[in-house]
Amino acid sequence: MKIYIGCDHGGLHLKEQIILALSDVQVDIEDLGVQEAISTDYGPIAKHVAELVVTNEEAFGILICGTGIGMSIMANKVKGARAAVVHDTFSAKATRAHNDANILCMGERVIGPGLATDIVKVWLATQFEGGRHKRRVDYICNFEREE
């Protein structure tokens with residue numbers, strides 16, 4: 001499994017914690033920054049991660065900023081991206097099982113590293129259920145193609 005992870009300055013510490021926590025899981029993590037706590041715009045990072053995720057169906061993305069909201073808004077501008085802001089394990093499971101989310105967005109100023117790690121592990125372990133949920137995700141995909 002390939003994971004592209006990115007953050008702005010507001011998510012740097014949480015990104016580092018997540019990378020460390022995933023070191024015991026067999027995943028290929030590509031850290032797309034940032035590497036320093038210097039004020040950085042989230043838009044280009046979210047766009048880059050989303051573009052990589054949608055061109056590799058086996059890949060997932062994790063984006064972190066102060067709240068997760070800015071990253072999710074930008075990532076969802078990329079056709080094929082289904083970025084979800086998640087701050088609890090129930091939503092982590094639901095966004096994968098029901099929405100086939102391919103990008104997880106979180107906020108360092110909203111949750112701590114322990115919960116964030118749990119969220120990531122639940123999110124990565126959950127499979128898309130398909131069924132009636134596939135019809136709903138297909139609707140989103142078809143809408144994007146019409147634009």
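Computed over heavy atoms, backbone and side chain alike; hydrogens, waters and symmetry mates excluded. For clarity, every value in this text was computed on a predicted model and none was experimentally measured.
- The hydrophobic cluster around Val137 extends to Phe128, counting ILVMFWY residues whose side-chain heavy atoms fall within less than 4.5 Å of a member.
- Closest approach of Ala84 to Thr95, counting heavy atoms only: CB-CG2, 3.6 Å.
- Put simply, the side chain of Ile3 reaches to within 4.5 Å of the side chain of Leu124, judged on heavy atoms.
- Every residue two or more places apart in sequence or in another chain that forms a side chain to side chain contact (heavy atoms under 4.5 Å, CB included) with Leu52 is listed here: Tyr4, Leu32, His48.
- Not counting sequence neighbours, the partners of His133 by the ring-ring contact (aromatic ring centres under 6.0 Å, His included) test are His98.
- Atom CG of Asn76 sits about 8.5 Å away from atom CD of Glu144, to the nearest 0.5 Å.
- By the side chain to side chain donor-acceptor pair (under 3.5 Å) test, Ser72 pairs with no residue at all, sequence neighbours left out.
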His9 vs Ile38, test: side chain to side chain contact (heavy atoms under 4.5 Å, CB included). Steps then yes/no.
CA-CA 6 Å; His9 60 284; Ile38 298 170; 5.9 Å; no

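- Side-chain contact check for Lys15 versus Ile19: some heavy-atom pair is nearer than 4.5 Å.
- With sequence neighbours left out, Gln17 forms a side chain to side chain donor-acceptor pair (under 3.5 Å) with no residue at all.
- Listed here is the closest heavy atom pair of Ala46 and Ala75: CB-N, 4.0 Å.
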Result block: side-chain N/O donor-acceptor pairs under 3.5 angstrom for residues 99-110, not counting sequence neighbours:
from   : atom 1 : to    : atom 2 : distance (Å)
Asp100 : OD1    : Arg96 : NH1    : 2.9
Asp100 : OD2    : Arg82 : NH2    : 3.3
Asn102 : OD1    : Arg82 : N      : 2.7
Asn102 : ND2    : Gly80 : O      : 3.0
Glu108 : OE1    : Leu12 : N      : 3.4
Glu108 : OE1    : His13 : N      : 3.1
Glu108 : OE1    : Leu14 : N      : 2.9

Donor-acceptor contacts, no H, no angles, side chain residues 21-28, under 3.5 Å, sequence neighbours left out:
from  : atom 1 : to    : atom 2 : distance (Å)
Ser23 : OG     : Leu20 : O      : 2.7
Asp28 : OD2    : Lys2  : NZ     : 3.3

Residues 60-67 side chain polar contacts: donor-acceptor under 3.5 Å, at least two apart:
from  : atom 1 : to    : atom 2 : distance (Å)
Thr67 : OG1    : Ile69 : N      : 3.1

Residues Met74, Ile45; criterion side chain to side chain contact (heavy atoms under 4.5 Å, CB included); working and verdict:
CA-CA 9 Å; Met74 183 63 227; Ile45 295 163; over 6 Å; no

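- Every residue meeting the side chain to side chain contact (heavy atoms under 4.5 Å, CB included) condition with Leu115, not counting sequence neighbours, appears here in chain and number order: Thr89, Ile111, Ile119.
- Applying the side chain to side chain donor-acceptor pair (under 3.5 Å) criterion to Ser91, with sequence neighbours excluded, gives Asp88.
- Annotation: side chain to side chain donor-acceptor pair (under 3.5 Å) contacts of Gln35 (sequence neighbours excluded): Asp31.
- Residues meeting the side chain to side chain contact (heavy atoms under 4.5 Å, CB included) test with Pro44, sequence neighbours left out: Asp41.
- Cluster annotation: Ile73 is not connected to Met71 through the hydrophobic network of ILVMFWY side chains, with a link wherever side-chain heavy atoms come within less than 4.5 Å.
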